[in-house]
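The next block holds one structure in the form of structure tokens; read it before the comments.
Values below: all heavy atoms of this structure, side chains included; hydrogens, waters and symmetry mates excluded. No experiment lies behind these values; they were computed from the predicted model shown.
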Amino acid sequence: MGTAQRWGWLVLALIFVWAASRIDITWARFVLGLDGASKFVHRMLPPIFNPRDELIKGMWESVQIAILASAAGVLLSLPVGLLASRNMMPAWVTWPTRLLITVCRTFHPVIVAIVFVKAVGFGALAGILALTVASVGFLGKLFAEAIEEISMKQIEAVRATGASFANVISFAVVPQVIFRFIGFIAYELDSNLRNSTMVGIVGAGGIGGTLFSAFQRFDYDFVLGIVLCIIVLIMLGELLQVAVKRVFKQ
């Protein structure tokens, strides 16, 4: 290990010690937390799934939010990703577009959801708008990077035929990135399924709102039932992502 690496590890250790000293962490508090956690887990068992109508409504709303936000995010991210790619656009176009992508990626979806709840009120619309912004930040960046990594020889060959810009995109760019785009979109749908369960906590619709209401009512057994349903939903989303990739690879 070189001298620079030793200094690096020493700096990291000092930062860790400093950070630990600035927050209130004590052994007594840790033990007290374990006792509280055991009582909390005891009150959660066994899980219940009633009121069932409230649970089903929240889960279905989360799925709807994820699908609509993903669709809107893809439609917006495709032109944004193209405009942000340095090999296809001039610098005066790419820099503002990349700034937009950075802004969309800066804040967590829950924070964005709070803003939209204030703007459009409680409900699924705020969740859809928040996750759409998050999707543009994520997919726009990935789309731009994928376009930048394509071979320019195909683009030059199509341009040599006198093709228009739209034809260059259709016949030289899209064939090189389509399978990567499908993978990105499948992953983003899976991500939005997870995030749609969180934005409801701040009033942006979905199962998160149901979960927060159960916490407020101290219905911890129903909380566990909701958590188990969320886990199943995320697992189904993961299976869907794998299935979509497998289909398009054939």
Side-chain angles (χ1 to χ4, degrees), residues 62-116 119-120 124-152 154-155 164-199 204-206 234 237-238 240-249:
S62 287
V63 172
Q64 291 174 314
I65 290 173
I67 293 174
L68 292 174
S70 298
V74 169
L75 292 176
L76 293 173
S77 297
L78 288 173
V80 168
L82 178 63
L83 293 174
S85 55
R86 299 185 182 95
N87 59 339
M88 299 298 297
M89 294 293 171
W92 62 269
V93 175
T94 60
W95 279 108
T97 309
R98 286 182 172 272
L99 177 60
L100 172 64
I101 293 174
T102 301
V103 171
C104 291
R105 294 176 61 245
T106 299
F107 302 102
H108 193 277
V110 173
I111 298 176
V112 181
I114 294 173
V115 175
F116 280 115
V120 301
L125 178 59
I128 293 171
L129 293 175
L131 295 185
T132 298
V133 171
S135 298
V136 170
F138 179 78
L139 291 177
K141 179 177 176 61
L142 292 181
F143 286 174
E145 291 178 350
I147 294 173
E148 288 180 346
E149 294 173 2
I150 64 176
S151 172
M152 294 301 294
Q154 295 187 31
I155 296 178
S164 64
F165 181 76
N167 286 332
V168 170
I169 299 298
S170 300
F171 297 104
V173 176
V174 172
Q176 297 189 66
V177 298
I178 183 64
F179 293 109
R180 294 188 66 185
F181 279 15
I182 291 170
F184 296 154
I185 293 169
Y187 178 80
E188 183 61 18
L189 177 59
D190 178 62
S191 177
N192 281 336
L193 278 173
R194 295 193 302 269
N195 289 330
S196 66
T197 64
M198 294 189 298
V199 295
I234 301 306
E238 183 69 22
L240 176 62
Q241 177 188 349
V242 173
V244 168
K245 289 183 178 180
R246 185 176 302 170
V247 168
F248 282 96
K249 283 183 178 179

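F181 places none of its side-chain heavy atoms less than 4.5 Å from the side chain of V74.
With sequence neighbours left out, the salt bridge (charged side-chain N to carboxylate O under 4.0 Å, His left out) criterion links E148 to R86, R98. With sequence neighbours excluded, the residues satisfying side chain to side chain contact (heavy atoms under 4.5 Å, CB included) with V93 are L83, M89, P90, T97. The side chain to side chain contact (heavy atoms under 4.5 Å, CB included) test applied to V173 returns M88, I147, I150, I155, I169, V177, not counting sequence neighbours.
Here S70 contributes atom OG and I65 contributes atom CD1; the two are 11.0 Å apart, rounded to the nearest 0.5 Å. The CD1 atom of I128 lies 4.5 Å from the CG atom of L68; values are rounded to the nearest 0.5 Å. Taken from CZ in F138 to CG in N192, the straight-line distance is 9.5 Å, to the nearest 0.5 Å. Between the CZ atom of F143 and the CG atom of L82 there is a distance of 11.5 Å, given to the nearest 0.5 Å. A distance of 13.0 Å separates CZ of R180 from CD1 of I185, quoted to the nearest 0.5 Å. Rounding to the nearest 0.5 Å gives a distance of 6.5 Å between CD1 of I234 and CG of D190.
The minimum heavy-atom distance between P109 and A134, with the atom names listed, is CG-CB, 4.0 Å. Taking each heavy atom of A84 and I101 in turn, the nearest pair found is CB-CD1, 3.8 Å. Contact between S77 and G73 at its shortest, heavy atoms only, is OG-O, 2.6 Å. In terms of heavy-atom proximity, C104 sits nearest to V136 at SG-CG1, 4.1 Å.
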For side chain to side chain contact (heavy atoms under 4.5 Å, CB included), just list the numbers for V133 and F116, CA-CA rounded to whole Å, side-chain angles, deciding distance to a tenth of an Å, and then say yes or no. CA-CA 11 Å; V133 171; F116 280 115; 3.9 Å; yes
